[in-house]
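The structure follows.
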2 protein chains.
Amino acid sequence: MSRKAAQVATARDDLLAAGLAVFDRDGFDGATVAAIRTRARASNGSFFHFFGSKKELAGTLFLEILARYHAAVVAAVDESCGAREGVARLIRAHLDWVVNSRREARYLFEISRSEWTEGIRGAQRAQNSRLAEAVERWRAPLVARGELLPMTSSVFFSQIIGPAQIFCRAWLSGRDRADPREQAEILIACAIRAVVAPDVADKAGEAV
Amino acid sequence: MSRKAAQVATARDDLLAAGLAVFDRDGFDGATVAAIRTRARASNGSFFHFFGSKKELAGTLFLEILARYHAAVVAAVDESCGAREGVARLIRAHLDWVVNSRREARYLFEISRSEWTEGIRGAQRAQNSRLAEAVERWRAPLVARGELLPMTSSVFFSQIIGPAQIFCRAWLSGRDRADPREQAEILIACAIRAVVAPDVADKAGEAV
DNA sequence: CGTTACTCTAGAGTGATACTCTAGAAACGG
DNA sequence: CCGTTTCTAGAGTATCACTCTAGAGTAACG
């Protein structure tokens with residue numbers, strides 16, 4: 001089964017990769033199953049053997065790419081980094097991933113539609129909460145120590161990702177040509193003001 | 001021409017309204033031209049007389065709704081309101097519009113796609129800059145007076161709209177059931193820290 | 001080797017649907 | 001009342017997602 005399993009995996013993965021490429025080039029409506037099949041050198045039968053429909057392939061692709069994005073964000077912070085440092089890293093991780101994985105980001109944020117993510121809603125939520133949990137492991141202690149202002153996890157995310165996302169979407173859609181990373185410093189500065197507790201003018205604690 | 005113009009307008013507008021309704025119910029792919037035609041009681045010929053394609057109707061609808069959204073936001077601030085007041089009003093205007101015009105908001109932010117907005121890119125940009133200009137008339141003096149921190153217009157927008165939009169999208173897509181307006185206060189507080197200059201501890205100017 | 005069971009490949013066929021085309025009705029201008 | 005333009009009508013067409021049937025490849029077991 002080993003060699004066969006490997007072949008199956010490549011056939012399936014070829015289809016997924018081809019799907020990403022074609023969706024990126026032609027959009028979801030523009031992309032035809034035929035184009036994806038051809039690019040992956042798979043027959044019609046194979047396509048519908050692995051995926052029940054074009055939407056199902058799209059949904060699978062969505063979850064796979066979401067996982068990669070989450071991995072990139074989670075890797076940005078560890079328990080050793082402070083409030084400002086962590087905020088800066090999260091924002092940079094988001095901007096870097098979007099720019100360096102343009103295709104994937106375009107798929108996640110521009111092409112994918114909530115309507116055909118519905119069958120996958122559960123898995124999506126599960127992934128989201130795993131991400132939230134991971135970030136909370138870094139954030140909660142800082143809130144407890146008063147270095148980060150108290151707010152819910154989702155509000156915190158909205159402050160970190162939201163503004164950056166405006167620039168990312170404009171860039172991904174082609175509406176704006178400028179690299180969103182050009183805004184990194186100012187976005188970080190704003191986010192820090194929004195969520196980090198102001199210095200109390202005593203660095204006493206750190207000086208020990 | 002007067003009566004005819006009125007009829008033409010209703011035939012065309014009926015199609016646009018029907019399009020919005022059907023897109024909201026079935027999504028873009030799910031919506032058939034036949035369904036839109038039927039709902040608007042228009043023949044196939046009429047449909048393709050007014051709009052060259054389904055996408056063209058979608059694009060026209062996009063611009064129309066974008067204009068309504070912009071109008072709602074612009075109406076929020078006038079030259080008489082201060083920094084904090086203005087920031088709060090902009091955020092509330094956004095949240096209110098999204099919740100009160102759920103269909104339209106869903107269309108703008110969830111259903112519409114950059115791919116078929118391309119033929120309209122120019123008009124979209126023009127509308128965006130008219131909005132930016134209007135908000136700048138309120139913001140620029142406050143920046144000059146040092147009440148708002150200096151940043152580009154687009155960064156300012158990203159701070160106001162970005163975080164709110166995270167909640168709005170989650171709500172519009174059905175991923176989250178909670179009314180985004182519940183977050184209004186905390187979002188405003190964060191935005192104020194992000195973009196409003198801190199009090200210099202003298203309310204002298206105001207006390208005169 | 002033979003048999004059975006299962007997964008995957010193959011591609012012809014089908015139904016739905018976006019869009020085209022041709023013809024005529026309705027409104028308006030002179 | 002005629003000519004022109006705008007709009008309506010619906011039959012026709014091409015494309016595309018998806019179905020169906022048949023069979024090839026592989027493994028497990030005797």
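Values in this document were obtained by computation on a predicted structure and should not be read as measured data. In what follows, every chain begins at residue 1, and chains take the letters A, B, ... in the order their sequences are listed.
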For A:L57 and D:dA17, give me the distance from atom CG to atom C1', rounded to whole Å.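 Result: 13 Å.
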Closest to the B:A11 side chain, choosing from D:dT8, D:dT19, C:dA18: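 Output: D:dT8.
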Tell me, please, whether A:F28 has B:R113 positioned over its six-membered ring: NZ or CZ under 6.0 Å from the ring centre and within 45 degrees of its axis?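 That pair does not qualify as a cation-pi contact.
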Should B:S43 be listed as having a side-chain N or O under 4.0 Å from OP1 or OP2 of D:dT8?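 Answer no for this pair, as no side-chain N or O of B:S43 is under 4.0 Å from OP1 or OP2.
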ring-ring contact (aromatic ring centres under 6.0 Å, His included) assessment of B:Y69 paired with B:Y107: CA-CA 11 Å; B:Y69 166 67; B:Y107 185 77; over 10 Å; no
Send over the distance from A:E56 CD to D:dA17 P, rounded to a whole Å.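 A:E56 atom CD is separated from D:dA17 atom P by 15 Å.
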Which residue, A:A31 or A:G45, contacts DNA chain D at a nucleotide closer to its 5' end, judged by nearest heavy atom?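 The answer here is A:A31.
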Test B:E185 against B:R92 for side chain to side chain contact (heavy atoms under 4.5 Å, CB included), laying out the working first. CA-CA 9 Å; B:E185 296 311 314; B:R92 271 197 255 271; 2.7 Å; yes
Between C1' on C:dT7 and NE2 on A:H49, what's the gap in Å once rounded to a whole number?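 Whole-Å distance recorded here is 6 Å.
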Calculate the interatomic distance between A:R37 atom CZ and D:dC18 atom C1'; express it in whole Å.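 It is 11 Å, rounded to the nearest whole Å.
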d(CZ, A:F28; P, D:dC16) in whole Å: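 Nearest whole value for this atom pair: 14 Å.
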Looking at the side chain of A:K54, which of D:dC7, C:dT9, D:dA17 is the nearest nucleotide?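 The closest nucleotide is D:dA17.
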Expressed as a whole number of angstroms, how long is the span from A:D14:CG to C:dT9:P?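 A:D14 atom CG is separated from C:dT9 atom P by 10 Å.
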Over 60° means perpendicular and under 30° means parallel, so classify the ring planes of B:F156 and B:W138, tilted if in between.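 Judged by the thresholds at 30° and 60°, the geometry between B:W138 and B:F156 is tilted.
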DNA chain D: A:T32 or B:F47, which has the more 5' nearest nucleotide?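 Looking at the nearest nucleotide for each, B:F47 comes out on the 5' side.
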Measure CZ/A:F50 against C1'/C:dC6 and give the value in whole Å, please.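 It is 13 Å, rounded to the nearest whole Å.
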Could you state the CZ-P distance from B:F48 to C:dA18, rounded to the nearest angstrom?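 Rounding to the nearest Å, CZ of B:F48 and P of C:dA18 are 7 Å apart.
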Quick one: which of B:R175, B:E110, B:R106 gives a side-chain hydrogen bond (donor to acceptor under 3.5 Å, both in side chains) with A:S114?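 Testing A:S114 for a side-chain hydrogen bond (donor to acceptor under 3.5 Å, both in side chains) against B:R175, B:E110, B:R106 leaves exactly one candidate, B:E110.
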Classify the side chain of A:N44 versus the base of D:dT19 as yes if they form a donor-acceptor pair under 3.5 Å and no if they do not.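 In this structure, the two groups form a donor-acceptor pair.
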